[in-house]
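The first residue of the sequence shown is numbered 1, and numbering continues consecutively from there.
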Amino acid sequence: MKLNADFVKRTEALFGKDVYARFMQALEVEPVVSVRYNELKTASNDECRMVPWAACGRYLESRPVFTADPLFHAGCYYVQEASSMFVEQVIKQYVHEPVRALDLCAAPGGKSTHLLSVLPHGSMLVSNEPMPLRAQILAENVTKWGHPASMVTKNMPADFAPFREFFDFMLVDAPCSGEGMFRKEPKAVEQWSVSNVQMCADRQREILADIWPSLRPGGLLVYSTCTYNSEENEQNVSWIAEELGAEVLELNVPEDWGVTGSLYGDKMPVYRFIPGIAQGEGFFLAVLRKNGDGALVQPRQPRWQQAPAKIRAEVEKYLLSPEHFNFVQDGDTITAMPKEHTAAMVALQQKMCVLHCGLPVATVKNNKLLPIHPLAMSTALRKEAFNVVELELDQALMYLHRETLSLQSQPVGYLLLTYKGVPIGFAKNVGNRANNLYPAEW
């Protein structure tokens, strides 16, 4: 791999000759493939080697065609780079009570789906992405993961200004120069320059300054990048601590994980993954606690339209624990929102561009209730509420391609389709054919 001469000079000086030599050898080898399982939908594959820092993370021996597996589309697992699963250690070591959390730069959704799995029960996560196409992909992946206490927004960091001290926990996986992705994305090699590194570092500080007021005093910020240089990493962490006001926190990390500490300045507790040293791609992470101590700012109780009693009684049958939800009607859509988070969700809906919120359960059309796809994806779904049809692989793939299925032997009406026992969506059997209800945009 031919690298920019400036990158070689800077990175060898940062890593040291021995580590840099191992790093260069690793760049000539195919990257390892890793996935993370959704334990609320399926069991982890214990025949595969475990990612040491992630309980449901597994290394695969080879890269299968994930898109040909219906379980991938059903949110049973996420294809995620192993190093970035290290976020789990922050939660395990520092987050022990339910939190209101924000993943600010969240697309395509790897870290958001991971947070939804490991945050304490009762937490709420807002996943944000300002870029429209990437935001749509994020919304799809969060929906597939199936956690009702989730939202997806499409906003710039400055748009969160009305929500001062609104979050206990933030993850800012900042847009960066992408040095850690050289092995997987050749375009990152071509686009690298010293000036781009500085531009990224400046932009990261702007993002952090914009979102910092929305973190409560005493709240946690996880700052991460997929790059190696100190300008975007240690120097920005120092800037957060000194200019914004925070303490950099230490994680307990076993030595055999191959995680590298600070390579710049005063050796603050930061965590860097280098191919050839750790088994994964390039990644950097630091944990900071905002100075002070304060409770979350609670939104004023916003107005929201409760679904009529008759509709509520029907949709409650669709869920495992309906008593935990408020049922909100917005136009024709009925959404189940966790009771403890309804006020926060509605407040965000009123000021932000929201693509996904809570658990959209059904739409009302001609006074009839029509179940919709997010319900099929949800871990709160009560499968017994529907006639369930188990599909073979070829049928499941036909469904995912929105092809017409022949289900004439099945009851007329809405059918919940499953593959290996896992829901993949709804179809409406009208007798001579079955209408495919898989979302067209997916």
### Query
Is Lys144 positioned over the aromatic face of Trp442, cation under 6.0 angstrom from the ring centre and no more than 45 degrees off axis?
yes
### Message
Would you call the rings of Phe386 and Tyr318 parallel, tilted or perpendicular, taking 30° and 60° as the class edges?
### Response
tilted
### Task
Report the distance from atom CD of Gln93 to atom CG of Asn252, rounding to the nearest 0.5 Å.
5.5 Å
### Query
Mind checking whether Phe160 and Leu104 have side chains closer than 4.5 Å, heavy atoms only?
yes
### For Glu165, all residues meeting salt bridge (charged side-chain N to carboxylate O under 4.0 Å, His left out), sequence neighbours excluded
none
### Query
Is there a side-chain contact between Ser84 and Glu81 (heavy atoms, below 4.5 Å)?
yes
### Task
Taking the six-membered ring for Trp and the single ring otherwise, decide whether the centroids of Phe283 and Tyr271 are under 6.0 Å apart.
no
### Query
Between Gln136 and Glu441, does a side chain to side chain donor-acceptor pair (under 3.5 Å) hold up when you go through it step by step?
CA-CA 9 Å; Gln136 292 292 343; Glu441 65 273 19; over 6 Å; no
### Ionic contact status for Lys111 with Asp173, cut-off 4.0 Å
yes
### Query
With Phe15, which residues qualify under ring-ring contact (aromatic ring centres under 6.0 Å, His included), at least two apart?
Phe23, Tyr228
### From Phe284 atom CZ to Ser224 atom OG, the distance as rounded to the nearest 0.5 Å
9.5 Å
### Message
Show every ring-ring contact (aromatic ring centres under 6.0 Å, His included) that has at least one partner inside residues 88-129, sequence neighbours left out.
### Response
none
### Query
Is any side-chain heavy atom of Leu221 less than 4.5 Å from a side-chain heavy atom of Ile240?
yes
### Query
Is it true that the side chains of Trp145 and Ser112 contain a donor and an acceptor less than 3.5 Å apart?
no
### Minimum side-chain heavy-atom gap Leu355-Thr153 below 4.5 Å
no
Just list the side-chain donor-acceptor pairs under 3.5 Å for residues 326-340, sequence neighbours left out, or say none.
unit_1 : atom_1 : unit_2 : atom_2 : d
Asn326 : ND2    : Thr342 : OG1    : 3.0
Gln329 : NE2    : Gly331 : O      : 3.1
Lys339 : NZ     : Glu323 : O      : 2.9

### Query
Under the salt bridge (charged side-chain N to carboxylate O under 4.0 Å, His left out) test, which residues partner Glu231, sequence neighbours left out?
Arg10
### Query
Taking atom types as modelled, is there a side-chain donor on Ser177 or Asn196 under 3.5 Å from an acceptor on the other?
no
#### Entry: Which residues share a side chain to side chain donor-acceptor pair (under 3.5 Å) with Asn436, sequence neighbours left out
none
### Message
If the condition is side chain to side chain donor-acceptor pair (under 3.5 Å), which residues does Trp257 pass it with, not counting sequence neighbours?
### Response
none
### Verdict with supporting geometry, Phe7 and Phe182, ring-ring contact (aromatic ring centres under 6.0 Å, His included)
CA-CA 11 Å; Phe7 173 82; Phe182 281 1; 5.0 Å; yes
### Task
For the residue pair Asn233 and Val270, establish whether any side-chain heavy-atom pair is separated by less than 4.5 Å.
no
### Message
Considering only residues two or more places apart or on different chains, which pairs with a residue in residues 276-294 satisfy side chain to side chain donor-acceptor pair (under 3.5 Å)?
### Response
Arg49-Gln279, Arg183-Glu281
### Summary
Sequence neighbours excluded, the answer for side chain to side chain donor-acceptor pair (under 3.5 Å) partners of Glu129 is none
## Note on the structure
So CD of Glu234 and CE of Met268: to nearest 0.5 Å the spacing works out to 6.5 Å
### Message
Check for me whether the distance between the ring centres of Trp239 and Tyr223 falls short of 6.0 Å.
### Response
no
### Nearest-0.5 Å distance that lies between atom SG in Cys226 and atom NZ in Lys184
10.0 Å
### Task
Evaluate the side-chain proximity of Tyr77 to Asn45: yes if any heavy-atom separation is below 4.5 Å, no if none is.
no
### Message
Going by the rule side chain to side chain contact (heavy atoms under 4.5 Å, CB included), which residues pair with Val90 if we only count those two or more places apart in sequence or in a different chain?
### Response
Phe169, Val222, Leu251, Leu285, Val287
### Atom pair CG (Leu125) and CG (Asp103), whose distance is rounded to the nearest 0.5 Å
6.0 Å
### Task
Check whether the ring centres of Tyr438 and His373 lie less than 6.0 Å apart, and answer yes or no.
yes
### Message
Give me each pair satisfying salt bridge (charged side-chain N to carboxylate O under 4.0 Å, His left out) with a member in residues 185-211, each pair once, sequence neighbours excluded.
### Response
none
#### Entry: Donor-acceptor side-chain pairing of Gln80 and Ser34 below 3.5 angstrom
no
#### Entry: Pair Thr225-Thr227, side-chain donor/acceptor within less than 3.5 Å
no
### Query
Is the closest side-chain heavy-atom distance between Val35 and Phe66 below 4.5 Å?
yes
### Task
Might you confirm whether atom CZ of Arg164 has over 12 heavy atoms from other residues, nucleotides or ligands at distances under 6.0 Å?
no
### Message
A side-chain contact here means heavy atoms from C-beta on lying under 4.5 Å apart; do Val253 and Phe86 qualify?
### Response
yes
Between side-chain atoms of residues 343-354 and protein atoms elsewhere (two or more places apart, or another chain), which donor-acceptor pairs fall under 3.5 Å?
none

### Query
Quick one: do the Trp53 and Glu88 side chains pair a donor with an acceptor below 3.5 Å?
no
### Task
Could you grab the distance from atom SG of Cys76 to atom CG of Asp69, nearest 0.5 Å is fine?
8.0 Å
### Message
Could you tell me if His147 and Thr379 have a donor-acceptor pair between their side chains, going purely by distance under 3.5 Å?
### Response
no
